[in-house]
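In what follows, a single structure is set out as structure tokens and then discussed.
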Amino acid sequence: MLQVENLHVHLDTPGGLVKAVDGVSFSIQKGETIGIVGESGSGKSVLAHSLMKLNPEPPALYPQGTIHFEGQPVLEMGKTELRKLRGNDIAMIFQDPMSSLNPVSRIGKQLIEAIQAHQKRPKQQAREKAIELLEDVGIADAKARMNSYPHQFSGGMRQRVLIAMALASNPKLLIADEPTTALDVTIQAQVLDLLKGIQEKYGTAILVITHDLGVVAHLADRILVMYAGKIVESGSAEDIFYRTSMPYTWSLLRSVPVIREGGPERLIPIDGQPPSLIDRPAGCAFEPRCPFARDACRQVDPPLEHRESNHSAACILSSNEFEEQKKQLEGVLTT
Amino acid sequence: MLNYTIRRLLSVIPVMLVVSVIVFMIVHLTPGNPAFLILGEDSSPEAIADLERELGLDQALYVQFFNWFSQVITGDLGTSVYSSQSVTSLIAENFGPTFSLMALSTVILLAIAIPVAILIVALRKTVLDPIFTSVSLFGVSVPEFWLATLLVLGFGVALPIFPVAGYVPFAEGADAWLHHILLPSFVLAIVEVGIIARMLRDSMLDSVNQDYIKTARAKGVKEREVLMRHVFVNALIPTTTVLGATVAGLLGGTVIIETLFTIPGIGQLLVDSIHRRDYPVVQGIVLFIAGIYVFVNLLVDLLYTFLDPRIRYD
């Protein structure tokens, strides 16, 4: 349904050209859930926005690569075609529900606007559809809430309203950019369950972008790990969590708090900072922070290579080599 | 809302008290003896003393202030020394032209500033934006009297489309009224257009980068509708604050414009009264203008509740 081929997205900033997305390829099938995981600044949000060409231009540039949605080249679309794509075929929900709704406009009006952007329905019908959507995402007393303003809703409720808005035209793909980052933990689970429910009910494909491995573990069929504008590992949730094949994903997993029997285990942060995407050093971008780095890593930037079935990783070490080295290092670390 | 309005109206009293003290001080602490100035250089000391007694100028300053202020709170601003008319009726007689000027200027101001700002924001990625920024700065810097003189020369003398002076009340015919007041109102407005258009543009550009604008675009809403329904409506809130101050400030501009175009309004009355040393009238007008400022600001505060549902006063 969606194919991204060798996509490059650059941001032309006063500080220099930021290579936010640096040669990314992947595809999304109908009804599939894909998770993109990465640190802040890894380019995952820019990538997500590119899928409906929503990055502000300037500064965004698309020097290379293609995005095809159902065979149509998204990056070559004009204003009218893009408008028909956005909200209709591909919808998006954003990180901060507190600021993503127009503060001076009633919820109902904003929902009706989303409906009427793509469907020629008279106001009354659009209104009924809007109430239906609100009920669908679990807003109690939807009819009365239509007249409320965003500030009269809690964060979790606003995210539900935004999800309702995204569903207005029954999109084929829903992009969720950090959908739970700004929410309380208890609310996070509710929103994730809602997304899962939507997928089961409508068969919508979901692309969820997050820095939270828990979120993708909960939702995604397939996970892409991003680092410094590139995909460094991709595979099923099992591949990523249990058959980790490269150091960055491994470090990322170790930095997640896990509550286990026998008391808390120490979190292990990843030392150092992600590299500047303006002057990318030659070689592997993770090399300065990588506990497995060797001399060759400074020269070669390893491409994303097929490992087994649908599992790929970008590392100079083969899966077996990595496994051995990892065991050694873990042995040293635990003693 | 009603409670808030009443509370705000009550809070006008201390503000006006402070304004009264300042107005009174400025007038009475200015060097020169009013009685002497009124009667002229050849007057006898006896005549001056008589007039001082008559005007109450021989009393202590605080007694004079107390006498004046106790009248003021009953709505009596005193009597003109020059015409023996009550100051309130003088202000009432002269307010019509000033109000006409202010109202028409506000309409012209908004009719130019709003479309200009929207157009600039819609074309923000073109060369038009930096041009606009320079032109608006120029507009703000132009002195009213210079622009007025230029326009009078242009459209009153070289191309005699508009009369160069005078005023016809609205009651005597709307076209004659408009014909006389259009040019002065335009001058009064055009100087402020830069400020309002610039403010609106800046607020709109702030709003353009907000998350809710991204949401609207992601919904597939037409860019024109995004601009009008989301960007513009949100930008109105900060702009209204500046607009309130600007509209009240137009009153200051009328002093110059009315003098230039010989329009018999409050501004001209003020200038004439200063020349005649008619202190009760000067005090009354300054107090009246201060009152309008306070009133316009109250209106702006009440207007917020319509523009921004997050603001509730009760």
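Letters A, B, ... are given to chains in the order of the sequence lines, protein chains preceding strands, and every chain is numbered from 1.
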Across all chains, not counting sequence neighbours, the ring pair (Phe, Tyr, Trp, His ring centres under 6.0 Å) partners of B/Phe288 are B/Phe95
Here the pair of heavy atoms bringing A/Met92 nearest to B/Ala218 is CB-CB, 4.4 Å
Under 4.5 Å to a heavy atom of chain A? For B/Leu307 that would be backbone
Pairs of donor and acceptor atoms under 3.5 Å between chain A and chain B, please, with atom names and distances.
| residue | atom | partner | partner atom | Å |
| --- | --- | --- | --- | --- |
| A/His49 | NE2 | B/Lys214 | NZ | 3.4 |
| A/Glu57 | O | B/Lys125 | NZ | 3.1 |
| A/Arg83 | NH1 | B/Gly220 | O | 2.9 |
| A/Gly87 | N | B/Ala218 | O | 3.0 |
| A/Ser99 | O | B/Tyr212 | N | 3.1 |
| A/Ser99 | OG | B/Asp211 | OD2 | 2.5 |
| A/Ser100 | O | B/Thr215 | OG1 | 2.7 |
| A/Asn102 | OD1 | B/Asn234 | ND2 | 2.7 |
| A/Asn102 | ND2 | B/His230 | ND1 | 2.8 |
| A/Gln110 | O | B/Lys219 | NZ | 2.8 |
| A/Glu113 | OE1 | B/Lys219 | NZ | 2.9 |
| A/Glu113 | OE1 | B/His230 | NE2 | 2.8 |
| A/Glu113 | OE2 | B/Arg229 | NH1 | 2.7 |
| A/Glu113 | OE2 | B/His230 | NE2 | 3.1 |
| A/His118 | NE2 | B/Lys219 | O | 2.8 |

Checked A/Ala117, A/Pro103, A/Ala166 vs chain B; the most non-hydrogen pairs under 4.5 Å come from A/Pro103
Looking only at A/Leu101, A/Leu162, A/Leu82, A/Ile175, the option with the highest number of non-hydrogen pairs under 4.5 Å against chain B is A/Leu101
